Structures are given as structure tokens and as C-alpha cells.
Amino acid sequence: MDWITTVDHKKIAILYLWAGGLFFGIGGLEAILIRIQLIKPMNTFLDAQTFNELITMHGTTMIFLGVMPVIFALMNAVIPLQIGARDVAFPFLNSLGFWTFLFGGLLLNLSWVMGGAPDAGWTAYTPLSGKGYSASHGVDFYTIGLQIAGLGTLIGGINFLATIITMRAPGMSFMRMPMFAWATFITSAIILFAFPAVTVGLVLLTFDRILDANFFDVDGGGNPVLWQHIFWIFGHPEVYILILPAFGIISEVIPTFSRKRLFGYSSMVFATILIAFLGFMVWAHHMFTTGLGPVANALFSVSTMLIAVPTGIKIFNWLFTMWGGQVRFTTPNLFAAGFIPTFTMGGVTGVMLASAPADFQFHDTYFVVAHFHYVIVGGLVLGLFAGLHYWWPKMFGRMLSETLGKWTFWTFIIGFHLTFFVQHFLGLMGMQRRVFTYLPNQQFDTLNLVSTVGAFLMGVGMIIFLINVFLTSRRPADAPEDPWEDGRTLEWTIPSPPPEYNFKQTPLVRGLDAFWKEKMAGHKAMTPAEPIGPIHMPSATILPFLMSVGIFIAGLGFMFSRDEFSSSIMSFLFNNYIVTALGLLITFGSMLMRSLFDDHGWHIEPEELEEGEQR
Amino acid sequence: MMKTWQAGKRLLPMTAALGLLLAGCGREDLSVLRPQGPVAESSYGLMKLSITIMIVVLLIVFSIAAYVWIRFRRKKDQDEIPKQVEGSFKLEVLWTVIPLILVIVLAIPTVKVVFAAGNDHSDDKDAIKVKVTGHQYWWEFEYTDYGITTAQDLIIPTGKHIAFELSTKDVLHSFWVPSLAGKMDTNPDGTVNRFSFSAPNEGVYRGKCAELCGPSHGFMEFKVKSVSGEAFDKWVASMKAPESVMPEDPVLAEKFKSQCLTCHAIGSMPASPVAPSLTGIGSRESVAGILLNDDTREDGAPILENLKTWLNDPQSVKPGNKMPNPKDMGLSDEEIDGIAEYLAGYTLE
Ligand code: HEM
Ligand SMILES: [Cu+2]
């Protein structure tokens, strides 16, 4: 119950982590099934339809439900601490964001047991995703599930923007903000601008499918290329929503374990902003073969290549952060070290793809599959592993085992390169992506086998990580405040895990890397910016959970509103939109409750703070 | 084209070495790395240039990384605090400008080739014009200037520009012959795409659909057969010959007509919009695009066997395709074999 009603950002972070872990596991299983099917030519392990459902769900799950919540988990766990705040700006919304995300994700995955998962690819190109060619409810689960989950992401993004703008500790100007906080800030801004696009797209596609609208249907005067534009105007920024947090994490981990401040801090900030900006200008590089014509192709080619410049700045700044430092290869830093070459490889294939005439050959082949896995898995997932190992003691008060961590790293990264490096060649040798099998004698066989073996090795790495988490959870919570000893930012100045209120007294920030600065000045702790006083806390509430349940029910009701059921009661309930109305009633009822009953929260008094200290 | 890539030239030695290395990869009739025509060649040129630049970048990053990891590894009793460096304006400008230069080196030839690729030869009198239509899961080729239509095998004369006009009857597909040219999507009517390629050498090249189009997307293959000018003219002439060869056995002929020709077309019949034309199917490279005809059995099976495989259960060959099972249409096993024999013998010279 405590978990359902909590509005504490640290607990919500843990909820996000478990939910993300769950979906990541589902997406991982789907990946393993895909790779088993492709282990040899003309394999019959899976049939074509199931395979297409698996690739669609793998992509959708991993991007929207697997890595996004883990990113949000780290942001929730760390951002308020890093900027010296007691919570996020809107704790109630924070909880609402999580629950809508979770119920959206559950709705999407229900499709597996309710008559067919979506099968038109995670990009859901029309007309294949239209009712005429994808007749099961699969794509409806996709549009409505993602719509609900996307709502949660948008809420989360806005919350972080507000938090970072308004709740920084005294003295923390924007240019003294830790890089991870910067990354979160920019990421949230991208979410704010990109998610409305996909929201519109999903609504239009839902209308096409459920209400027989004609936005994308050619016979009705619609245009399928329009969907591609809408999808990628969202989809391209989305990939930066994924990678910028990883950049942020790496920019925290490397300085800590090099005992040096981040090289070129201001150019890092500048590069982040530039990447976000360019990220909105390059969507059509996913559409070079759609037939946009040479002018558009040339423009989008060149603007895409430009992204390599700020990205390059970041890579070299990280390398020079270590230059002259004292590099320690703890597990988090191993992942950060693995990140640099791996991500760079993904970046350079990105530039190769950006050359439109070359992309005519690369597009929709395994070369692209290799590229985006190098950036998403080799970049983001390695970054997330670095971040998880780094902040685990802060989140849970327990250090993960270093030995197991190193095993995780080596199996995962070797498996990763085995899986995806060879896929570059598969693509160049003529293997299209999204094929459920391939004919023999095309010289695809050996490389596919290697790729599958690699996938299993990555799986082993994941399992070792889970074992590590499990064993750690049974150890006493005895992590020190600053477990890595060279912590530089504010989160390392408070106990691990932090008390409910984070900071007994809001700290005064005197420079970049506030804690390091105090340490160098010979202080053991931060100078407080305020006297000890009562701390205002928001009350726990079940309303966000209820609102999300309502939206979930309404979504299901809307989806099945045109179906014929064998039982007449069911038909009556669904066809008259009664289920939909009921769901919306729950949601709006909860909203009404929220506005009618003022809840001013409660206070922790100074005496209690002292007690907490002694315990 | 290559001559104008001034900056690329400086990277020439490495480009050449890489070219040699990569050329070992894949089949000649399929691999992007073994281009067989000028259009694929120009994409390949850009690939070699970009990969050369990128390998240089990777080598720099890898070596700096390896150096700092080894050189600046924390020693056992190292305790002094390293100097906290803010950054270096000069260095940061350096690694802004160098990538920028590299990008420009790649961007210039890219833009050139983009515009060259935009040349679709649609009003070139000398070009062969072919209307390509994608269907779930087969390809139709209409030669508008000759008034003939065929399916699965695209026959082209060597050396001539082939001007394509691409569209689809159902979902999106993408037309791709890796060793001859990059891919181009087939959109529904209204947004017709045009492009062009040519094949200097005779040969059979493997083509694929590159856009997810349903369960049998992976099986939506086709062949491009490039033949000499005379052979092409002969093929066109025999395709235009009005007679429709029917099975000799009249009972079988009647079955074929009433069961198969409701969807398929042969000979002088107008092309059917729902199923591939069967004219001269006995001379094709494959059955259904994926059952390769090969009497030596190295790459497939003899055509008769392939036809029988297909006719006995089209769904198991290409899941989700639109052809009904002949058995469900009331054809007996003998009739199926008979039709297979007739089709295998229906050749063009
Ligand atoms: C230097 C930076 C990058 C460049 C120049 C670049 C360029 C490209 C290009 C041109 C494509 C289209 C390929 C095609 O389909 O033909 C592409 C695909 C893709 N990229 Fe990147 N990219 C870069 C970095 C990233 C990053 C950081 C991410 C994510 C973290 C990413 C994720 C993806 C994904 C998911 C796709 C495939 C989408 C799909 O078709 O399903 N890329 N990239
Ligand atoms: Cu296809």
C-alpha cells in the first residue's frame, strides 16, 4: 500500500526501476527468441506472424517501456539530490506519471494474451498498421498503450523541467549544475516538444483504425508518408531523449573515478543544447528512400552529419577528463570506459548512414540494426549500467558486489560486440532487416550464428547482474554517505539511502562540483543555507493510481467498442461505450476529489529531525 | 564522379586497401560491397570514403582512450589530488574544427551524388521504361513502351538505362537490387517514385523487398536478369506474340482456365491486377521469387519440383500470401502435377 500511495521521489525512482526491469526482461526474452529464430537459414522455430509480433513488441517495449523508465528511475533518484532539493516540484504529478506509464505498458503487453500483439514494426508504418492489413487488435494496443504511457513520460518531463528551474539550492546557478542535471533538463525539454507529435500521430492512427477516419488511407484521400513524417518528427528526438541522459551519467562517473573535474564543462553544456536542437532538424534521414527528392535528401544529409560535431566534442572532453587524472576501474567506471569506444563506433556508422546515397544501400538492412544497437545498447544501456552501479549505494544503501559487477561488464560487452558487430556485414552483404528467415547460400549463415551466440552471452551478463542485485539486497544497508570516496556532487553529502526529506538543511553551493569544492577547502560537510526548521512534506495519496486505472479501463473500453462479443451483456457494455465512460468516470472523479479536498501535507518538526539523526 | 572528390583522394591509399578487403564480402549477385553497375558503384564510392574517414576517427579515439587508461591509471599509493583542469580553449576548438572539416569532406561528394541519383531518365528516349508495382508478396514489371507485363523476373538489356516508376497496390514495399543500386520505396499511387539504374554486364542479380510488408516480407524476392540487346529484343517479341499456350489435355486446359486464369493472366490476356502473369513461367529463374530453379540442385531444385511444391501448398511456402490452395479449389493431386508439368514446359525462347 505504501508503494501505491507514495509521492516520495526516491520511492518512485525504485518503482520506475522495478517496472523498467520487468519490461526490459520481457523485451530481452523477445530478443532472445528473435535471435534463436535467426540462428540458421529457413528455421521454423517461429512462424512469420509471431516473428513480426516479436520484433514489433521488442522494439516498442525496449524503447518506450524498457530503457525510458530506467532513465526516469535514475533521474528521480538523483536529480533532487544533485540540485539540493527536498523533492521534485510536483510530487503528486510524479506519482501520476509513473502510474500512467505503468498502466500504459501493461495495456500494451496485454496484447500477447488478448488475441495478437501489434505486428507492423515499432514504427507502425501505414497502411500496414491500418485495419485493412493488421486486422487483430494488436495495433490498437500499440496506439492506446503508448498513448497512455506517453502521457506519463510527458508529465515526468514537465515535472523535471519545473524542478530544475525552480528548486536548485542557493548558489547553484545553471552553470554550476552537475552535467547529469543538465542532461535531464535538456532531455525533458526534448520530451516537451517531441511527445506532442507522437500523441497527435497516435490519435490520428487510432481514429483511422477505430472510427474509420482516413488520415493515412490513400483511398480516402489520406497519405501514408504523412505518418512517417509525424512518427520521425517524434522518433528522431526520441533517440536523443535516450542518449543524452547516458551522456549525463558518463559525465558524472568519469570525473569521479578520475578525481578530476569534467574537462570543458561549458562546451559540454553547449554541445548538449546543440545536439538537442539539431535532433529536431534531421528526422527525414529516416526517410531517404521514401522519395523526398534530391533537395530534401541533400539538406537532411548535411544537417545529420553536423550532429557528429557536438558529439565529437563530448567524446574528446571525456578522454581529456581522464588525462592527467587518477583513473580507478570500479564497475561503474568500467562501464563508462566501455561506453566510449562502443558509442563512438555507433556514432561513426551514424555519419555513414547520413550520406543519403550510401543510405540507399544501408537503409532497412542489418547495417541499420547494428547502428542503432551500437548507440542504444552500446551507448545508453552501458551508460545506464554505469549509472546503476554508481548510484546503487545512494538509492538502496548497499554497495553492489564489485566482482560480480566486473563479470557483468565483461560478459555483457563481449556478448554485445559479438552480436552486433557482425550485423554491419550482414547488412552490407544484402540482408534486409525484419525478415523472419532467410534463404540458405547467401553467405548469411555463419554471421547470424555468431550473432545469436553473442546474444546469449549478453543474456548471461544480465543474469549475473540480477544475481548481484539479489545477493546485495540480502546484505545489511551499510553504505557510507560517500561510498566512492571521491564524490563531487551534493548527493554524496547525505546518508545512503537519504532520509525522506533528503537535506536537513538546504546546502549552500559555492561552485561547480559543490561537495568537492568543500572537501578541497578542508570541510567535511556542506555549509547550510538555512537554519534548522520544520520541513514541509506532501501527503501520500492513492489518487494518481486510481486515475491511471481509470484511463486504463477507458482505453480498453474504447478499443473494443466496435467488437461483437458472444455474450450480449458484454456487447451492451462495450458497444455503448459504457466501459469507456466508467473508466473516464474513475479518472475524472479522482481529479475532482483532488481539486475539492485541499491537502496541505504535513511537517517534520526539528525535534524529529534530531531524533532521526541519532537513530 | 570519383575524380572530383579532391579531398577523398588524399585518403586514397587507405580507401583502396579497404575496397580490396571489403570486396571479399558476400556474393557478387547480391552484395552491396561488390557493385555491378554505376549506380551501386557511386554508393559504394561514398561508403569507402566515409568508412575511411570514420576508421581514422576511430583509431584516434581508441588510441587516446587506451593511452589515458594505461598512463593515468591510479597507482597503489597515489594520494595527491590531480590538477583540476577547467578545459582548454585551444583543444576544444581543435576538436570542433577537425570533425567539421571531415564532415565537409564527406558532405560535398554526398550532395553531388544525391543530385546525380535524382536523375531518373524518365524522359530519356533511349531508356527502357519499367513500371514496377509491389504486391504482397510479389513484384510486377510493366514495360510501358512495349505493352508487356511480367512478374518476378525483371529482364533488362545490358548497358541501357532502365527508368523505373515505382508504386504499390497495397502496403509499402521497397525495391532493392543491392549489387545494382540502392533501394527505393514503393508508395501507393499518387506518390509515385522514379529512379534509374543500368547493368553493364550480363548476369542474374538478386532483388529484395526492404520494407516490412507483412508475414512474408522476407520472402518477397525477385531477380534482375540482364541480357544482351538481341536477346532482350527476342524476349520482347515472344512476350508480344498473341498466342496463349494452353495445356494439351483439354480437361486440364479447362480446369486451368476456370480455376487459375480467374486471377492469373497468360499470353495475350490483359495483365491481371491480383496475381502474377504466368507467361513463359518455364523460363524464369524462380518460382514465387524464392524457390530457385536450379537443375544442379546447388541453389534450389529443378523447376518442376518447385512448381509442385508451390501448387501443393502455397501458404507453407510464403505465409500470408493471397493465393488459395489449389486443393481447396477442387484440383486433384494428378491435376496439380499435370498443371505443374505444363507450366514447367511453358517457355519462351
Ligand atoms: C552521430 C550521431 C548519429 C547519426 C549521424 C545518426 C544517423 C542515423 C541515420 C541517418 C539513421 C537512418 C538509417 C536508416 O534507416 O537508413 C539512423 C537510424 C537510427 N538511429 Fe541514429 N544516428 C546517430 C546517433 C544515434 C543515437 C545517439 C541514437 C540513440 C540513442 C540513434 C538511434 C537510431 C535508431 C533507433 C535508428 C533506427 C530507427 C529505425 O529505423 O528503427 N542514433 N541514425
Ligand atoms: Cu516487403
Side-chain angles (χ1 to χ4, degrees), chain A residues 47-49 52 121 125 127-128 133 218 224-225 259-261 263-264 267 289-291 294 297-298 301-302 305-306 308-309 312-313 315-316 319 322-328 340-341 344 348 351-352 355-358 360-361 363-364 425 428-430 432 434-439 441-443, chain B residues 25-27 30-33 42-43 46-47 50-51 54 57-58 61-62 64-65 68-69 72-74 78 82-85 87 92 95-96 99-100 103 106-107 110-111 113-115 117-118 171-172 174 178 182-185 188 190-191 193 208 210-213 215-218 290 299 319:
Chain A
D47 63 57
Q49 176 63 24
N52 285 357
Y125 276 16
L128 187 61
Y133 298 98
V218 191
V225 178
R259 309 187 93 196
K260 263 188 73 200
R261 64 170 283 173
F263 192 92
S267 65
T289 66
T290 307
N297 280 356
S301 263
V302 176
M305 288 177 191
L306 286 179
V309 177
I313 295 179
I315 306 260
F316 285 104
L319 291 175
M322 292 182 278
W323 194 287
Q326 298 167 4
V327 183
R328 242 186 337 146
I340 292 179
T344 312
V348 300
V351 179
M352 294 174 68
S355 176
F360 294 159
Q361 291 284 23
H363 180 66
D364 267 329
F425 294 94
L428 295 175
M429 284 157 58
Q432 332 87 295
R434 295 170 163 174
V435 289
F436 81 105
T437 189
Y438 46 95
L439 301 179
N441 291 331
Q442 301 186 93
Q443 304 191 359
Chain B
C25 273
R27 292 174 61 117
L30 174 63
S31 177
V32 169
L33 301 171
S42 71
S43 290
L46 279 175
M47 279 181 208
S50 58
I51 198 169
M54 293 308 143
V57 172
L58 284 182
V61 170
F62 287 4
I64 299 180
V68 292
W69 289 333
F72 298 109
R73 204 182 165 117
R74 187 168 178 180
Q78 203 171 17
K83 190 158 160 261
Q84 305 289 305
V85 192
E92 285 162 58
W95 57 65
T96 310
L100 205 56
V103 162
L106 182 59
T110 293
V111 172
V113 180
V114 167
F115 282 95
V171 302
L172 308 183
S174 193
K183 59 194 71 64
M184 183 61 96
D185 292 0
T191 43
N193 279 333
K208 312 227 168 193
E211 179 71 63
L212 179 65
C213 57
S216 275
H217 159 56
I290 49 167
D299 248 356

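In this text, all values refer to a predicted model and were calculated from it rather than measured experimentally. Excluded from the calculations below are hydrogen atoms, water molecules and symmetry mates; all remaining heavy atoms, backbone and side chain alike, are included. Each chain gets a letter, A, B and so on, in the order its sequence line appears, and its residues count up from 1.
For B:A107, the parts lying near chain A are the backbone and the side chain together; criterion is any non-hydrogen pair under 4.5 Å. Both the backbone and the side chain of A:L428 have a heavy atom closer than 4.5 Å to some heavy atom of chain B. Using a 4.5 Å cut-off between heavy atoms, B:L58 contacts chain A through its side chain alone, with no backbone atom that close. For chain B, the nearby part of A:N52 is the side chain; its heavy atoms alone come within less than 4.5 Å. At a 4.5 Å heavy-atom cutoff, the contact between B:K83 and chain A is made by backbone atoms alone. A:P341 touches chain B through backbone and side chain together, each having a heavy atom under 4.5 Å away. Heavy atoms of A:I315 lying under 4.5 Å from chain B belong exclusively to its side chain. For B:N193, the part lying under 4.5 angstrom from a heavy atom of chain A is the side chain only. Heavy-atom distances place the side chain of B:F62, and not its backbone, under 4.5 Å from chain A. In this structure, the portions of B:Q84 lying under 4.5 Å from any heavy atom of chain A include both its backbone and its side chain. At a 4.5 Å heavy-atom cutoff, the contact between A:F425 and chain B is made by side-chain atoms alone.
Taking chain B as the reference chain and counting heavy-atom pairs below 4.5 Å, the highest number among A:V218, A:V435, A:T289 is found for A:T289. Options B:V57, B:L100, B:V114, B:I290 differ in how many heavy-atom pairs under 4.5 Å they form with chain A, and the most are formed by B:V114. For the set B:D299, B:V111, B:V61, B:T191, the entry with the most heavy-atom pairs within less than 4.5 Å of chain A is B:V61. Ranked by heavy-atom pairs shorter than 4.5 Å toward chain B, the options A:V225, A:V302, A:T290 are led by A:T290. In terms of non-hydrogen atom pairs under 4.5 Å with chain B, the most contact-rich of A:Y125, A:Y133, A:F436, A:Y438 is A:Y133. Here B:V171 is the residue among B:I51, B:V171, B:T96 with the most heavy-atom pairs under 4.5 Å with chain A. Of the listed residues (B:G218, B:A210, B:C213), the greatest number of heavy-atom pairs within a distance under 4.5 Å of chain A belongs to B:A210.
Between B:V68 and A:V327 there is no side-chain heavy-atom pair separated by less than 4.5 Å. Taking the side chain as every heavy atom from C-beta outward, B:F72 and B:P82 never approach each other to under 4.5 Å. Here the side chains of B:L30 and A:M429 are not in contact, with every heavy-atom distance at 4.5 Å or above. Counting only heavy atoms from C-beta outward, the side chains of B:L212 and A:R434 approach each other to under 4.5 Å.
For A:S301, the side chain to side chain contact (heavy atoms under 4.5 Å, CB included) criterion is met by A:F288, A:A356, B:T110, not counting sequence neighbours. Applying the side chain to side chain contact (heavy atoms under 4.5 Å, CB included) test to A:D47 and every residue at least two apart in sequence or in another chain returns A:Q49, A:T50.
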| message | B:V32 vs B:M47, test: side-chain contact (heavy atoms from CB on, under 4.5 Å). Steps then yes/no. | response | CA-CA 10 Å; B:V32 169; B:M47 279 181 208; 3.2 Å; yes
| Going through the distances and angles, do A:H363 and B:S174 end up as a side-chain contact (heavy atoms from CB on, under 4.5 Å)? | CA-CA 10 Å; A:H363 180 66; B:S174 193; 5.7 Å; no
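A donor atom on one side chain and an acceptor atom on the other are found under 3.5 Å apart for A:Q326 and A:R259. Looking only at atom types and distance, the side chain of A:Q361 has no donor-acceptor partner in the side chain of B:S43 under 3.5 Å away.
No close placement of the A:F263 and A:W323 rings is indicated, their centers lying 6.0 Å or farther apart.
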